[in-house]
Amino acid sequence: MHAGVIAVQGDVSEHAAGLERAADAHGIDCEISEIRTSGLVSECDVLLMPGGESTTISRLLADEGIDTEIQAHVEAEKPLLATCAGLIVASRDANDERVQTLGVVDVTVDRNAFGRQADSFEAPLDIAGLDEPFPAVFIRAPVIDTVGEGVEILADWEGNPVAVRQGSIVATSFHPELTTDTRLHQLAFFADEPTLSRSEPQQ
Ligand code: GLN
């Protein structure tokens with residue numbers, strides 16, 4: 001499997017490590033490319049869009065011409081995991097003109113909605129498809145305010161969706177790459193594989 005981590009800005013290495021652990025758990029060889037320029041996305045079977053700063057990420061994606069490549073990846077129904085700022089950039093509308101959204105996930109988001117209450121927190125989250133709660137780390141996280149028809153809500157927190165699936169895309173407000181729990185990466189990329197188990201990395 002060839003995976004691309006969008007690496008124009010944000011927590012890239014953590015996602016690459018999370019993906020490697022998830023692939024290992026499924027016995028799958030995974031080559032990972034960090035994507036900072038156009039011309040690479042089309043070679044990738046799966047893509048990750050990490051958290052970071054959505055205004056910066058969206059601007060750099062547009063400057064580099066990677067934005068339309070991600071849209072083409074999704075149109076080809078290839079898997080994408082978008083987290084936190086990645087979700088904001090992937091959304092239909094971020095209610096903020098500084099973010100040029102890609103419109104690949106039919107949700108609208110409120111940037112920093114959680115951040116106004118608490119900068120960062122961890123919560124055990126019930127997620128559809130996982131048998132035990134997931135340790136979800138929220139860092140200045142967006143809230144999903146509206147969800148289009150084709151969007152499945154996988155989890156919510158205090159009444160707002162924080163994880164969704166639409167076709168080949170899984171998007172979360174929180175940061176699954178910041179824990180050793182690989183189930184979210186498994187859900188995004190290996191959902192057809194046998195049962196999702198909570199696999200810890202081998203030390
Ligand atoms: N609040 C950030 C933004 O709006 C996202 C934070 C994150 O990715 N951890 O881009």
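Hydrogens, waters and symmetry mates play no part in the numbers below; they use all other heavy atoms, side chains included. Both counts, for ligands and for their atoms, begin at 1 and track the order of listing.
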Name all pairs fulfilling the side-chain hydrogen bond (donor to acceptor under 3.5 Å, both in side chains) condition that reach into residues 51-66, sequence neighbours left out, sorted by first residue then second. E53-R111, E53-R140, S54-R111
Pairs touching residues 78-87 that satisfy side-chain hydrogen bond (donor to acceptor under 3.5 Å, both in side chains), sequence neighbours left out: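 The answer is H15-T83.
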Report each N/O pair between ligand 1 and the protein that falls under 3.5 Å, naming both atoms.
unit_1: ligand 1; atom_1: 1 (N); unit_2: N112; atom_2: OD1; d: 2.4
unit_1: ligand 1; atom_1: 1 (N); unit_2: R140; atom_2: O; d: 2.9
unit_1: ligand 1; atom_1: 1 (N); unit_2: R140; atom_2: NH1; d: 3.4
unit_1: ligand 1; atom_1: 4 (O); unit_2: S54; atom_2: OG; d: 3.3
unit_1: ligand 1; atom_1: 4 (O); unit_2: R111; atom_2: NE; d: 2.7
unit_1: ligand 1; atom_1: 4 (O); unit_2: R111; atom_2: NH2; d: 2.8
unit_1: ligand 1; atom_1: 8 (O); unit_2: G52; atom_2: N; d: 2.9
unit_1: ligand 1; atom_1: 8 (O); unit_2: G52; atom_2: O; d: 3.2
unit_1: ligand 1; atom_1: 8 (O); unit_2: A85; atom_2: N; d: 3.1
unit_1: ligand 1; atom_1: 9 (N); unit_2: I139; atom_2: O; d: 3.0
unit_1: ligand 1; atom_1: 9 (N); unit_2: H175; atom_2: NE2; d: 2.8
unit_1: ligand 1; atom_1: 10 (O); unit_2: S54; atom_2: N; d: 2.5
unit_1: ligand 1; atom_1: 10 (O); unit_2: S54; atom_2: OG; d: 2.8

Scan L61, I6, V104, V109 and name whichever one has a side-chain contact (heavy atoms from CB on, under 4.5 Å) with V89.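 In the set L61, I6, V104, V109, the residue that makes a side-chain contact (heavy atoms from CB on, under 4.5 Å) with V89 is L61.
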Is there a donor in the side chain of H26 and an acceptor in the side chain of Q186, or the other way round, less than 3.5 Å apart?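 A donor-acceptor contact under 3.5 Å links the two side chains.
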Exactly one of T108, D106, D110 should register a side-chain hydrogen bond (donor to acceptor under 3.5 Å, both in side chains) with T146. Which one does? T108
Sequence neighbours left out, what passes salt bridge (charged side-chain N to carboxylate O under 4.0 Å, His left out) with E75? Give chain and number order. none
